Amino acid sequence: MLGLMQDWPLLCHRIIDYAAEQYGAREVVSRSIEGPIHRTTYTEVQARSRRVAQALERDGIGLGDRVGTLAWNTWRHLEAWYGITGLGAIYHTVNPRLFPEQIAYIVNHAEDRVMLTDLTFVPILEKLAGDLKTIERYVILTDAAHMPETSLPNAIAYEDWIADSDGDFAWRSFDENTAAGMCYTSGTTGNPKGVVYSHRSNVLHSMMVTAPNVLDLASTDTIMPVVPMFHANSWSLAFSAPMNGAKLVMPGAKMDGASIFELLDSERINFTAAVPTVWLMLLHHLEETGKTLPHLDRVAIGGSACPRSMIDAFQTKYGVEVVHAWGMTEMNPIGSAAGIKPAYAHLEGSDKLDIQETQGYAPFTVEMKITDDEGTPLPWDGKTFGRLKVRGPGVSRTYFKGEGGEILDDHGYFDTGDVATIDPNGYMKITDRSKDVIKSGGEWISTIELENLAVGHPDIAEAAVIGVAHPKWDERPLLIVVPKPGSDPRADDILSFFEGKIAKWWMPDDVAFVDEIPHTATGKIQKMALRDQFKDYRLPAADVAE
Ligand code: AMP
């Protein structure tokens, strides 16, 4: 017997309808690509997104067609997402930080038919356009006054493109499992693979992150997703902020400390989210200028491990609570968040940091396990390392066009490629990507833990740890550091900073100093490039402390 409730498919565009109806006057504020701060409302965003759907339909786009976006977080990008999904087409966010060849590969692989691009990326696209065979039209996200001379075929300014539509468009209705969005993995090996989010997975995930135990979103919030819409759906905030009627602030192309601070301050933002690199720049700016963060209550940090020193700085110096979260493109993307369960509510100071430093626990809709290489589940004792696997309505079951073959185990779990421990209260701690973990004398050493400790040293700006070959132990850790500007730390001083904080055999065998550590398009340390850079490196002593 079926339930007798109404069939109301969970469709993304219902979110903007709801925001317009219940919170129509709430603002969407953006730093425009052209320069000035732009202000609009959910009522306007909804009306203009219907015009986007009309313009796309006029161009022959319909159900299932892919529409590429190469764009920063702005109100126009937001309107485009809702217009595209309301037509039943699929937004395909392209990460502009990828190499041009990778951009060409994924646009061709996704068979995007229209490309919406910010002014910033017109020059890149002009170079690539000859190779982008499936693109029929380029829409430049600007107005006629800022429209550049361009060789892009069939190019039009966004404002002109939607000006010919009256907004009288009825959203399409279809099954909630219909594809809504696409994002390619930024895999370091092989070609990027396409992840396809459904309307249902986007809506469920946005409801999930709203919960008090996860990101705790409300209509009284002013939210700034610094995390870009092209990085794993801006962690849902382009959906979950309107769903909750929060004021939304979009930072555009500028993510340096001063620009981010300016918006945090002038728009009185109380919740924001980004990768640790962005917060390093902000904290540096605050230190330099002596400014504070009086309006900010909470910051979500994820995408790479958040160093303990960063959590401590936000909380102790600036009174901003940190929510450390973990996720990935193959999820919607949030898979865990480090809220405090009752079992840990009594903790303070350093003990509380121990919990906040973990990647947190799985919210409802995410099931998690750790296994050995044979797939046998491992205990949740907070000590045993294993392969982290997940399943749920916001986890990929396959990649676009079946690339990569079968990706689930016999129980429907997806192997995240991360290595983690899980404690008896469900708190998961990532120790490494499985391909980055160091195996020394048959035991695992967590590079993330060493890196996080290293950046707590007052003279270190950034740190990475890689395994280098060792005749006796197979591999030993090499610590690679970027010193803070104006400081000149010594290797033995850095290593003595580790003493007493880690097991003796985890101690890095040497420290190498570099000016810069290479990063991927989503801000992660490029371990493969570092391993290549240090492939001829030899450790100073053949033997190590036991
Ligand atoms: P992406 O698909 O680019 O978002 O990358 C996902 C990967 O980033 C995960 O599988 C992890 O390896 C890493 N990651 C994301 N969040 C965290 C976190 N909070 N701590 C450690 N690693 C993280």
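Values in this document were obtained by computation on a predicted structure and should not be read as measured data. Counting starts at 1 for both ligands and their atoms, following the listed order.
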Under 4.0 Å between a Lys/Arg side-chain N and an Asp/Glu carboxylate O for [X] and [Y]?
X      : Y      : value
Arg308 : Glu449 : no
Glu406 : Arg397 : no
Lys439 : Asp474 : no

Applying a 4.0 Å heavy-atom criterion (strictly less than), which segment of [X] is in contact with ligand 1: side chain, backbone, both, or neither?
X      : result
Ala232 : neither
Gln359 : side chain
Ser304 : backbone
Thr522 : side chain
Ala325 : backbone

key: From Ala300, Ala305, Ala420 - option closest to atom 22 (N) of ligand 1 by heavy atom   =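 That would be Ala305.
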Distance flag, aromatic centroids of Phe121 and Trp72, threshold under 6.0 Å =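 They qualify: ring centres under 6.0 Å apart.
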Pair Tyr184 + His92: ring centers closer than 6.0 Å =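 Between Tyr184 and His92, the centre distance is under 6.0 Å.
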Return the closest protein heavy atom for [atom] as residue, atom name and distance.
atom                    : value
atom 2 (O) of ligand 1  : Thr329 OG1, 2.6 Å
atom 4 (O) of ligand 1  : His231 NE2, 3.2 Å
atom 12 (O) of ligand 1 : Asp418 OD1, 2.6 Å

Within a distance under 4.0 Å of any heavy atom of [X], pick out the atoms of ligand 1 and give their elements.
X      : answer
Trp326 : 9 (C), 11 (C), 14 (N), 15 (C), 16 (N), 17 (C), 19 (N), 23 (C)
Met328 : 2 (O), 4 (O), 6 (C), 10 (O)
His324 : 18 (C), 19 (N), 20 (N)

query = Taking distance alone, with no angle check, do Gly303 and ligand 1 share an N/O pair under 3.5 Å?
reply =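 N/O-N/O distance under 3.5 Å: yes.
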key: Polar side-chain atom of Asn233 near backbone of Ser236 as donor-acceptor pair, under 3.5 Å   =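 Not at all, since once roles are kept as given, no pair shorter than 3.5 Å links the two residues.
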request  = Measure the acute angle between the ring planes of Phe261 and His285, then classify it against the limits of 30° and 60° as parallel, tilted or perpendicular.
outcome  =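 Rings of Phe261 and His285: tilted, as their planes differ by 30° to 60°.
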task = Quick one: sort the His109 and Tyr105 rings into parallel, tilted or perpendicular, breaks at 30° and 60°.
result =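 Ring orientation of His109 relative to Tyr105: parallel.
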request  = Check whether any heavy atom of Gly327 sits under 4.0 Å from an atom of ligand 1.
outcome  =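 The answer is yes: ligand 1 sits under 4.0 Å from a heavy atom of Gly327.
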query = For the side chain to side chain donor-acceptor pair (under 3.5 Å) test, which of Asp409, Asp415, Asp418 pairs with Arg387?
reply =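 Only one of Asp409, Asp415, Asp418 forms a side chain to side chain donor-acceptor pair (under 3.5 Å) with Arg387, namely Asp415.
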